[in-house]
Asks: 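Provided herewith is a single structure, encoded as structure tokens, for subsequent inquiry.
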Amino acid sequence: MVELENSGELNKKSLNFIENFIENDLSEGKNDGRIQTRFPPEPNGYLHIGHAKAICLDFGVAQNYKGICNLRFDDTNPTKEDVEYVDSIQEDIQWLGFQWENIYYASDYFQQLWDFAIRLIQEGKAYIDEQSAEEIAKQKGTPTQPGAESPFRNRPIEESLELFRKMNEGVIAESAMVLRAKIDMASSNMHFRDPIMYRVITQHPHHRTGNTWKAYPMYDFAHGQSDFFEGVTHSLCTLEFEVHRPLYDYYIDLLQTSNYRPRQIEFNRLNLTYTVMSKRKMLQLVQEGEVTGWDDPRMPTLCGLRRRGYTPASIKDFINRIGYTKYDGLIDVALLENSIREELNKSAIRVSAVLHPVKLIITNYPEGEVEWLETVNNPEDESMGSRNVPFSRELFIERDDFMEEPMKKFFRLSPDKEVRLKSAYIIKCTGFKKNEKTGEIEEIYCQYDPETKSGMPQSDRKVKGTLHWVSVKHSIPAEVRLYDRLFKVEDPASEKDTDFRDLLNPNSLEVLTDCRIEPCLADVKPLDHFQFQRTGYFNVDSDSTPKHLVFNCTVKLKDSWAKNTK
RNA sequence: UGCCCUAUGGUGUAAUGGUAGCACAUCUGAUUCUGGAUCAGCCAGUCUAUGUUCGAAUCAUAGUAGGGCAACCA
């Protein structure tokens with residue numbers, strides 16, 4: 001923890017470009033020195049690691065400058081939104097360790113937005129367009145060609161007012177008409193070509209306002225104004241909204257009555273290698289059963305990462321490391337994995353689990369005898385204490401830890417060779433039993449040296465290898481799930497023309513059914529963190545019987561095994 | 001062939017006109033009560049050109065490359 005705090009302070013020294021803007025605004029005395037941000041998710045999916053980046057910024061800025069950060073649900077499109085998402089979003093923000101000052105909904109401002117829209121119609125700055133979506137799109141022109149004006153553009157104000165009211169009465173069919181701002185159909189910024197302000201939605205009741213409203217504001221007509229109504233000073237969002245900013249400012253100009261003015265600043269979205277962050281695609285994975293749910297440990301959602309064993313601190317550490325810029329890059333997922341490995345390496349209790357067991361019999365150890373041997377919980381942190389593990393004549397060791405004919409640099413067990421059993425004795429292999437048909441090793445025999453018990457005066461004899469083990473009689477059978485990357489290509493997001501399911505990694509989940517774990521794991525609590533000897537990190541998923549160990553291994557797990565056995 | 005944004009080692013990010021630094025990854029060595037840890041080390045960078053300046057990653061101009069913008073999504 002000390003080191004984490006230090007690194008936080010070190011990072012504080014260099015401000016990101018957003019904090020520079022903020023300090024400038026403060027030094028110029030803008031907004032009476034007040035700092036207010038907001039985290040504005042649309043409740044149409046679960047939060048993912050990319051949202052964590054925005055959350056850390058929105059809440060972090062508020063903390064650093066003694067301001068406030070509100071949670072605002074951008075719920076202006078009832079066709080896509082649901083209370084399920086509203087709930088999960090709150091849960092995940094709090095899990096990350098942030099607390100909003102207030103919780104707001106864009107739908108709280110529907111009346112104010114409506115009144116503002118009426119005002120714009122009255123001022124001749126907005127009109128009702130009765131063309132179809134296709135016609136409007138056609139008239140919009142292209143980025144290189146100016147658009148054409150709608151035939152309804154100059155209709156009488158009273159007519160627009162009348163129709164706008166009807167839009168909200170349920171007597172207008174969806175997509176029959178829209179309210180558009182009258183700006184400039186020839187603007188080089190597409191968003192100024194008479195952007196749509198309101199559309200009619202009658203088929204989906206809103207998850208909060210029910211059937212009260214039939215006319216719903218578009219993002220551009222809701223977001224900036226919501227910021228303004230709430231008193232947001234810095235509206236931080238991702239780069240794709242950069243071209244929206246002039247429109248944001250346009251509406252704010254019309255709304256502004258004092259010196260107060262919210263300011264939109266954009267930063268780069270998080271892109272991770274081997275990771276799909278699109279909500280649409282994640283929803284598809286869930287709906288089509290490619291994963292077990294939004295919280296599947298292979299998903300980049302916060303709840304998925306949580307089940308995989310990520311801690312809030314590790315995610316925040318990762319976000320802290322990648323920073324905020326305007327460069328649209330692709331971050332190596334190894335950076336994220338390093339953050340959790342570093343934390344768990346310091347904080348997790350190390351325990352033993354044998355994933356591919358083979359029986360090891362110590363022929364000179366008395367039958368029926370059991371010794372409870374002390375083993376430290378974390379060699380890097382003595383304050384985490386120790387526990388006792390049972391040792392007996394028959395043990396399980398990792399199949400990979402024995403080689404009949406050892407290769408170069410293989411320092412684990414092979415005939416006539418010695419290794420140390422972690423926290424126990426040095427043993428020497430005296431033989432093995434092999435299934436003649438399959439060639440599989442069935443049992444390994446060895447003798448132990450009683451003088452070499454851990455902690456004893458004679459025990460410091462050097463041997464080249466150390467093995468983890470569990471006692472056959474005392475160990476608990478377990479099913480271990482190894483989760484790898486869900487996608488097998490480095491940048492699945494860029495494979496736009498491919499069905500992304502073709503990019504799925506068929507080995508993203510491996511279930512090992514005959515694993516053996518230490519008895520101390522019999523009643524661990526869900527999400528307790530442990531580190532397996534040698535093999536990685538895991539947390540425990542209590543929802544399943546038999547006990548499932550959700551392995552939070554690094555994705556190179558299998559490669560490394562292959563490498564180690566070469 | 002419009003408008004907006006961006007460009008620093010393999011990846012990400014600092015340096016705000018004055019020594020190009022840090023992290024991750026890779027590789028090498030050490031180490032052996034697991035070690036995928038730890039320690040040490042190597043490799044590797046300012047997109048190009050011109051200009052301004054005593055001095056440019058930083059400022060200017062022009063190129064080049066990448067991203068965004070043409071939803072009744074956010």
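Just so we're on the same page: letters track the sequence lines, and every chain starts at 1. Everything numeric in this text was worked out from a predicted model, so none of it was measured.
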Asks: Applying a 3.5 angstrom cut-off to the pairing atoms, does RNA chain B sit in any stems of at least three consecutive Watson-Crick or G-U pairs? List them by first number.
Replies: B:2-7 with B:64-69, B:10-13 with B:21-24, B:27-30 with B:38-41, B:47-51 with B:59-63
Asks: Tell me what A/Q145 touches on the nucleic acid: a base, only sugar-phosphate, or nothing, going by heavy atoms under 4.0 Å.
Replies: nothing
Asks: Under 4.0 Å: is that the gap between some side-chain N or O of A/N268 and OP1 or OP2 of B/rG12?
Replies: no
Asks: Near A/E169 CD, under 6.0 Å, is it more than 12 heavy atoms from other residues, nucleotides or ligands?
Replies: yes
Asks: If the plane angle is over 60° it's perpendicular, under 30° parallel, otherwise tilted; pick one for A/F17 and A/F21.
Replies: perpendicular
Asks: By the 4.0 Å heavy-atom rule, please label A/T325 as base, sugar-phosphate, or nothing.
Replies: sugar-phosphate
Asks: Suppose we screen for side chain to side chain contact (heavy atoms under 4.5 Å, CB included). Which residues come up paired with A/V358, at least two apart in sequence or across chains?
Replies: A/I397, A/R399, A/I441, A/I444
Asks: Say whether, by atom type as modelled, one donor and one acceptor occur between the side chain of A/T238 and the main chain of A/E240 under 3.5 angstrom.
Replies: no
Asks: Counting heavy atoms not belonging to A/K417, are there more than 12 under 6.0 Å from its NZ?
Replies: no
Asks: Which residues pass the salt bridge (charged side-chain N to carboxylate O under 4.0 Å, His left out) test with A/D25, sequence neighbours left out?
Replies: A/K30, A/R263
Asks: With a 4.0 Å cut-off on heavy atoms, is A/N20 in touch with a base, just the backbone sugar-phosphate, or nothing at all?
Replies: base
Asks: With nearest nucleotide decided by heavy atoms, which residue, A/Y219 or A/S454, maps closer to the 5′ end of RNA chain B?
Replies: A/S454
Asks: Can you check whether A/N320 has a side-chain N or O nearer than 4.0 Å to OP1 or OP2 of B/rA23?
Replies: no
Asks: CH2/A/W469 to CD1/A/I362 distance, rounded to the nearest 0.5 angstrom?
Replies: 8.5 Å
Asks: Which residue, A/L330 or A/N345, contacts RNA chain B at a nucleotide closer to its 5' end, judged by nearest heavy atom?
Replies: A/L330
Asks: Whole-Å distance between B/rA25 P and A/D332 CG?
Replies: 9 Å
Asks: Please report the distance, rounded to the nearest Å, between NE2 in A/H244 and C1' in B/rC3.
Replies: 13 Å
Asks: Can you identify which nucleotide, out of B/rC72, B/rC73, B/rA37, has its nearest atom closest to the A/A133 side chain?
Replies: B/rC72
Asks: The side chain of A/E242 is closest to which nucleotide in this list: B/rC69, B/rC72, B/rC5?
Replies: B/rC5
Asks: For B/rC22 and B/rU46, measure between their C1' atoms and round to the nearest Å.
Replies: 16 Å
Asks: May I ask you to say what A/I322 touches in the nucleic acid, namely base, sugar-phosphate or nothing, with a heavy-atom cut-off under 4.0 Å?
Replies: sugar-phosphate
Asks: Which part of the nucleic acid, if any, lies within contact of A/G329, taking any heavy atom under 4.0 Å across all strands shown: a base, the sugar-phosphate backbone alone, or nothing?
Replies: sugar-phosphate
Asks: Give one of base, sugar-phosphate or nothing for A/G455, where a contact means two heavy atoms less than 4.0 Å apart.
Replies: base
Asks: Categorize A/F241 for me: base, sugar-phosphate, or nothing, with a 4.0 angstrom heavy-atom threshold over every strand shown.
Replies: base
Asks: How many Å lie between CZ on A/F192 and C1' on B/rC3, as a whole number?
Replies: 12 Å
Asks: Determine the Euclidean distance between corresponding P atoms of B/rU1 and B/rU64; express it in Å to zero decimal places.
Replies: 14 Å
Asks: Say you pick atom P in B/rU8 and the same atom in B/rC59; how far apart are they, in whole Å?
Replies: 14 Å
Asks: Take the angle between the ring planes of A/Y425 and A/Y448 and call it parallel below 30°, perpendicular above 60°, tilted in between.
Replies: perpendicular
Asks: Touch check for A/H191, heavy atoms < 4.0 angstrom, all strands: base, sugar-phosphate only, or nothing?
Replies: sugar-phosphate
Asks: Rounded to the nearest Å, what distance is computed from the CD atom of residue A/E174 to the C1' atom of nucleotide B/rC72?
Replies: 9 Å
Asks: Base, sugar-phosphate or nothing for A/N77? Non-hydrogen atoms, less than 4.0 Å.
Replies: sugar-phosphate
Asks: So, A/H206 versus A/F110, ring centres under 6.0 angstrom or not?
Replies: yes
Asks: For nucleotides B/rA44 and B/rU26, find the distance between their C1' atoms and express it as a whole number of Å.
Replies: 10 Å
Asks: Roughly how many Å apart are B/rA15 and B/rA56, using the C1' atom of each and rounding to a whole number?
Replies: 13 Å
Asks: B/rC73 phosphate, OP1 or OP2: any side-chain N/O from A/R199 under 4.0 angstrom?
Replies: yes
Asks: Look at A/R341 and B/rA25 and indicate whether a side-chain polar atom (N or O) is within less than 4.0 Å of OP1 or OP2.
Replies: yes
Asks: If I take atom CZ in residue A/F73 and atom C1' in nucleotide B/rC73, what distance separates them, rounded to the nearest angstrom?
Replies: 18 Å
Asks: Distance check, C1' atoms only: B/rU61 and B/rC27, in whole angstrom units.
Replies: 43 Å
Asks: Have a look at A/L421 and say if it touches a base, only the backbone sugar-phosphate, or nothing, with a 4.0 Å heavy-atom cut-off.
Replies: nothing
Asks: Would you please confirm or rule out a distance under 4.0 Å between OP1 or OP2 of B/rA25 and any side-chain N or O of A/N338?
Replies: yes
Asks: Tell me what A/T76 touches on the nucleic acid: a base, only sugar-phosphate, or nothing, going by heavy atoms under 4.0 Å.
Replies: sugar-phosphate
Asks: Against the six-membered ring of A/Y274, is A/R485 placed for a cation-pi contact (under 6.0 Å from the centre, within 45° of the normal)?
Replies: yes
Asks: Within the 4.0 Å heavy-atom criterion, would you say A/E135 contacts the bases, only the backbone, or no part of the nucleic acid?
Replies: nothing
Asks: Taking the same atom, P, in B/rG17 and in B/rA60, what whole-Å distance lies between them?
Replies: 12 Å
Asks: Which one, B/rA7, B/rC72, B/rC33, comes nearest to the side chain of A/Y327?
Replies: B/rA7
Asks: In whole angstroms, how far is the P atom of B/rC69 from the CZ atom of A/R193?
Replies: 15 Å
Asks: When the C1' atoms of B/rC43 and B/rU6 are considered, how many whole Å apart are they?
Replies: 28 Å
Asks: Would you mind reading off the distance between A/L239 atom CG and B/rG67 atom P, rounded to a whole angstrom?
Replies: 13 Å
Asks: The side chain of A/K326 is closest to which nucleotide in this list: B/rA70, B/rC24, B/rU6?
Replies: B/rU6
Asks: Which whole-number value in Å describes the distance from A/L336 CG to B/rA25 C1'?
Replies: 14 Å
Asks: Atom NZ of A/K53 and atom CE of A/M277: how far apart are they, to the nearest 0.5 Å?
Replies: 9.5 Å
Asks: Taking the minimum atom-to-atom distance to the side chain of A/K80, which one of B/rA74, B/rC73, B/rG68 wins?
Replies: B/rC73
